[in-house]
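In this chain, numbering begins with 1 at the start of the sequence shown. Computed from a predicted structure; not experimentally measured. Every number for a ligand or one of its atoms is a count from 1 in the order of the listing.
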Amino acid sequence: MRTPIIAGNWKMNKTAVEAVTFSNEIKDALNQIEGVDIVFCPPAINIPGVAEAVKGTKIGVGAQNMYFEESGAFTGELAPNMLTPFCQYVILGHSERRAYFGETDEGVNKKIKAALAHNLTPMVCVGESLEQNEAGETQSFVSGQVKAAFAGLTAVQAARCIIAYEPIWAIGTGKSATVEQAGGIIKTAVRDTIAELFGAETAAQIRIQYGGSVKPHNIADYMAHPDIDGALVGGASLKPGFVELVANAT
Ligand code: 13P
């Protein structure tokens with residue numbers, strides 16, 4: 001059985017003080033919710049403070065990005081072993097990183113391998129644009145992103161990853177994908193592609209989240225779909241209502 005996982009991607013929000021205050025505000029309530037893994041992904045500079053705040057709770061900590069090299073002349077980047085004292089997870093290939101910061105499929109693939117080598121669980125993001133969706137290219141594009149991201153991995157490595165299907169048109173827009181849309185693509189373009197690459201057993205093990213305008217009122221609908229194992233939540237993870245969202249997921 002796949003344990004559902006709800007992760008909050010805080011994106012570029014909350015100062016150090018705000019991040020710790022918010023973590024302290026909601027951690028006890030979240031800690032009591034059983035049957036779901038919970039992750040906070042604050043901005044990098046706030047990771048140590050948030051990790052300290054949630055210490056002793058069930059809440060995990062993730063980074064929003066990471067570089068694949070071990071160290072060196074890469075101004076502004078963070079190496080895997082800089083995250084591991086604080087993080088168990090790392091979001092890789094978010095559509096905002098791909099769109100605004102030039103992330104490529106090849107780079108995402110290297111980052112996944114580096115994360116796994118350091119025992120970090122990658123949360124690998126895939127998802128199509130509105131134009132691709134309207135052109136009927138969703139299936140082939142998302143499946144291609146999964147193939148590129150997972151190239152060269154073993155089945156055991158693949159099973160350790162989490163994939164987040166986040167249609168770009170649903171992110172921050174309030175226009176969430178319907179359960180049928182999200183669950184359909186997660187099944188046919190994501191899980192079936194993992195089956196094609198690594199076999200049915202790996203496909204049955206890997207956890208796949210939906211992301212894009214997930215709110216306290218719609219999370220239960222997504223969770224009812226047999227192929228959706230949780231959510232990557234943006235805006236709604238920044239507010240105290242995140243507790244209700246996570247509770248509604250179980
Ligand atoms: P929203 O929940 O704000 O739509 O953001 C989704 C997202 O991009 C999470 O990574």
- Task: For ligand 1, indicate whether the residue Asn9 contacts it via side chain, backbone, both or neither (heavy-atom separation under 4.0 Å).
- Result: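 The part of Asn9 near ligand 1 is the side chain, not the backbone.
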
- Query: Is Cys125 touching ligand 1 with its side chain, its backbone, both, or neither, if touching means heavy atoms under 4.0 Å apart?
  - Reply: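 Cys125 to ligand 1: no contact under 4.0 Å from either part.
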
Just distances here: any N/O of [X] and N/O of ligand 1 closer than 3.5 Å?
X	value
Leu232	no
Gly172	yes
Gly211	no

- salt bridge (Lys or Arg N to Asp or Glu O under 4.0 Å), paired with Asp105, selected from Arg98, Lys110, Lys147: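 Exactly one candidate clears the test, Arg98.
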
- Message: Parallel, tilted or perpendicular: which one describes the rings of Tyr67 and Phe74, with boundaries at 30° and 60°?
- Response: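 Tilted, since the angle between the ring planes falls between 30° and 60°.
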
- Decide yes or no for Gln88 and Val61: does some side-chain heavy atom of the first lie under 4.5 Å from some side-chain heavy atom of the second?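 Heavy-atom side-chain distance check passes, below 4.5 Å.
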
- Kindly indicate whether the side chain of Val142, heavy atoms from C-beta on, has any atom under 4.5 Å from the side chain of Glu137.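 With C-beta onward as the side chain, the pair stays apart.
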
- For atom 2 (O) of ligand 1, what is the nearest protein heavy atom, given as residue, atom name and distance?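 Checked against all protein heavy atoms, atom 2 (O) of ligand 1 sits closest to Gly234 N, 2.8 Å.
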
- What residue and atom, counting heavy atoms only, is the protein's closest point to atom 3 (O) of ligand 1, and at what distance?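 Of the protein heavy atoms, Gly235 N, 2.8 Å lies nearest.
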
- Assess the side chains of His118 and Glu70: does a donor N or O sit below 3.5 Å from an acceptor N or O?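 The criterion, which ignores hydrogens and geometry beyond distance, is satisfied for Glu70 and His118.
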
- Have His94 and Glu166 got a donor and an acceptor in their side chains that come within less than 3.5 Å?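 Glu166 and His94 do have a side-chain donor-acceptor pair below 3.5 Å.
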
- Query: Hey, which atoms in ligand 1 end up nearer than 4.0 Å to a heavy atom of His94?
  - Reply: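 Near His94, the atoms of ligand 1 are 7 (C), 8 (O), 9 (C), 10 (O).
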
- Short list, please: which atoms of ligand 1 are under 4.0 Å from a heavy atom of Ala170?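 Reading through ligand 1 atom by atom, the close ones are 4 (O).
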
- Nearest candidate to atom 7 (C) of ligand 1, where distance is taken over non-hydrogen atoms, out of Glu96, Gln64, Glu166, Lys175: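 Among Glu96, Gln64, Glu166, Lys175, the closest heavy atom to atom 7 (C) of ligand 1 comes from Glu166.
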
- Task: Among Thr121, Val39, Leu92, find the one that has a side chain to side chain contact (heavy atoms under 4.5 Å, CB included) with Ile162.
- Result: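 Exactly one candidate clears the test, Thr121.
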
- Query: Within 45° of the six-membered ring axis of Phe22 and under 6.0 Å from that ring's centre, is NZ or CZ of Lys14 located there?
  - Reply: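 Checked: cation-pi criterion met.
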
- Query: Out of curiosity, is Gly212 lining ligand 1, as in a heavy atom under 4.0 Å away?
  - Reply: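 Checking ligand 1 against Gly212, which is what was asked, there is a heavy-atom contact under 4.0 Å.
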
- Query: Is it true that Lys11 lies under 4.0 Å from ligand 1, counting heavy atoms only?
  - Reply: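 Within the 4.0 Å threshold, so yes.
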
